[in-house]
Amino acid sequence: MILELFGPSGAGKTTLASELARVLRGQGQPVLLQIADRAHPVRRAAFKLVSGVHSKWIAQHSLGELFEILPPKNEMWAARLNWHLEALLQAWRAAMASNQKISIFDQGMVQFVSSLVLFSDITDRERVSRALELLPKPDLLVQLRAPRRILEARLRERRRTLGIIQKFLDLDLQSSLDQIDHVKLVEEELKSFLVPTICVESLDSDGLRAATQVIALRLTSLRGAADIQTGWVSTKRDRRREQDVAD
């Protein structure tokens, strides 16, 4: 089962993903936490800046069309996004193979499209919808929301505490603020795809606790429904086998 968190920078995706993983593991649930790499900025830069060697691989992949629909204008960010997509696809395939685990992505496929919207500066709804149509969908999408003033305050504080190299690698403040509107656009276009979705706020300890409880309950419901469906399919298959033997 794949759970993806989606929202603007500063909304608390990584914090919520980590807390949710802790709570689910405490309940005995098998969890695989997929956190975007923010540590080791020099190493991250080295991998991303040489990611052009992977461009042919991306071009041959079905999701390579994403870059044709929403082509980034900046070549460096295009290379970094190429690298990120490859890493994301590898993690997504591993999550699908581990169907007994709950895989939590703090930045998954939907978030990737919002990044493409930001760096392509293309807000055409038809294009955004085409990009979303290409994506493998999570079993549950969690949208994090927060007032713009709070997001702006958090982003300013984050920017202030970054080191020189991290400031070079991360989005500038204005781009981070612009992404708020891009996330809203992707949210609106995503509604037509009927992805199971819940919306939460996680702005303080109480909000974090409440959001975690809501998500955990929804996951339990989804896993129970999946188990019932699996049992129904198995029973139907067994009946067919019994019928074949009788014949």
Side-chain angles (χ1 to χ4, degrees), residues 1-7 11-40 43-44 47 54 57-58 61-63 66 81 83-115 132-144 186-187 190 193-202 205 207-238:
M1 176 173 290
I2 297 178
L3 181 149
E4 177 182 346
L5 304 183
F6 172 59
K13 296 185 293 297
T14 302
T15 300
L16 178 56
S18 299
E19 177 64 12
L20 181 60
R22 185 190 69 81
V23 169
L24 292 174
R25 286 167 179 159
Q27 297 175 353
Q29 302 268 28
V31 176
L32 181 62
L33 184 59
Q34 300 282 1
I35 297 294
D37 182 20
R38 295 181 181 85
H40 307 293
R43 184 181 66 185
R44 185 180 67 168
F47 279 116
H54 300 295
W57 182 91
I58 290 292
H61 196 279
S62 60
L63 290 188
L66 288 172
L81 289 169
W83 179 91
H84 179 59
L85 178 58
E86 180 177 353
L88 180 57
L89 286 170
Q90 291 174 352
W92 201 274
R93 284 196 297 268
M96 293 180 66
S98 303
N99 58 359
Q100 297 303 313
K101 291 185 178 180
I102 299 173
S103 296
I104 303 174
F105 287 78
D106 75 325
Q107 294 188 41
M109 293 293 182
V110 177
Q111 195 75 36
F112 184 79
V113 168
S114 72
S115 295
L132 290 171
E133 188 175 7
L134 292 174
L135 301 182
K137 306 301 188 295
D139 297 290
L140 179 62
L141 182 70
V142 178
Q143 293 182 359
L144 278 79
V186 173
E187 281 183 7
L190 193 64
F193 292 94
L194 303 179
V195 178
T197 303
I198 56 177
C199 299
V200 299
E201 287 190 0
S202 180
S205 57
L208 179 62
R209 189 179 308 111
T212 302
Q213 291 175 351
V214 169
I215 297 168
L217 287 173
R218 183 65 177 272
L219 285 173
T220 299
S221 175
L222 287 173
R223 293 201 76 177
D227 290 342
I228 291 173
Q229 180 66 17
T230 300
W232 180 82
V233 171
S234 298
T235 300
K236 188 174 182 179
R237 187 183 299 114
D238 291 341

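A pairwise comparison of heavy atoms in Glu4 and Gly108 identifies OE2-C, 3.2 Å as the closest pair. The two residues Leu81 and Phe112 come nearest to each other via the heavy atoms O-CE1, 3.5 Å. Residues Arg22 and Glu19 share a closest heavy-atom pair of NH2-OE2, 2.7 Å. Here the closest non-hydrogen pair linking Ala21 and Val31 is CB-CG1, 3.9 Å. Taking every heavy atom of both residues into account, Leu33 and Ile35 meet most closely at CG-CG1, 3.6 Å. Contact detail for Phe105 and Ala95: the closest heavy-atom pair is CE1-CB, 4.0 Å.
The closest side-chain heavy-atom distance from Gln107 to Ser115 is not below 4.5 Å. Within the 4.5 Å cutoff, the side chain of Pro138 has heavy atoms near those of the Val195 side chain. A heavy-atom distance below 4.5 Å is found between the side chains of Thr197 and Gln143.
The line from CG of Leu144 to CD of Glu201 is 9.0 Å long, rounded to the nearest 0.5 Å. Note: Asp106 CG to Thr14 OG1 = 3.5 Å, rounded to the nearest 0.5 Å. The structure places CE of Met109 at 8.5 Å from CG of Leu66, a figure rounded to the nearest 0.5 Å. The distance from the CD1 atom of Ile104 to the OG atom of Ser18 is 8.5 Å, given to the nearest 0.5 Å. Going from atom CD1 of Ile2 over to atom OG of Ser103 covers 6.0 Å, rounded to the nearest 0.5 Å. If you take CD on Glu187 and CG on Leu141, they are separated by 8.5 Å, rounding to the nearest 0.5 Å.
Although no hydrogens or angles enter the test, the distance criterion places a donor-acceptor pair under 3.5 Å between the side chain of Ser114 and the main chain of Gln111. Side-chain atoms of Lys137 do not come within 3.5 Å of backbone N or O of Leu194 as any donor-acceptor pair.
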Yes or no on side chain to side chain contact (heavy atoms under 4.5 Å, CB included) for Leu140 and Met1, after CA distance, side-chain angles and deciding distance?
CA-CA 8 Å; Leu140 179 62; Met1 176 173 290; 6.0 Å; no
Leu16 vs Leu5, test: side chain to side chain contact (heavy atoms under 4.5 Å, CB included). Steps then yes/no.
CA-CA 9 Å; Leu16 178 56; Leu5 304 183; 4.3 Å; yes
Check against side chain to side chain contact (heavy atoms under 4.5 Å, CB included), Leu89 and Leu63:
CA-CA 9 Å; Leu89 286 170; Leu63 290 188; 3.3 Å; yes
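Checking each of Leu3, Thr220, Leu219 against Leu24 for a side-chain contact (heavy atoms from CB on, under 4.5 Å) leaves exactly one that passes, namely Leu219.
Cation-pi geometry between Lys13 and Phe6 is not satisfied (NZ or CZ under 6.0 Å from the ring centre, within 45° of the ring normal).
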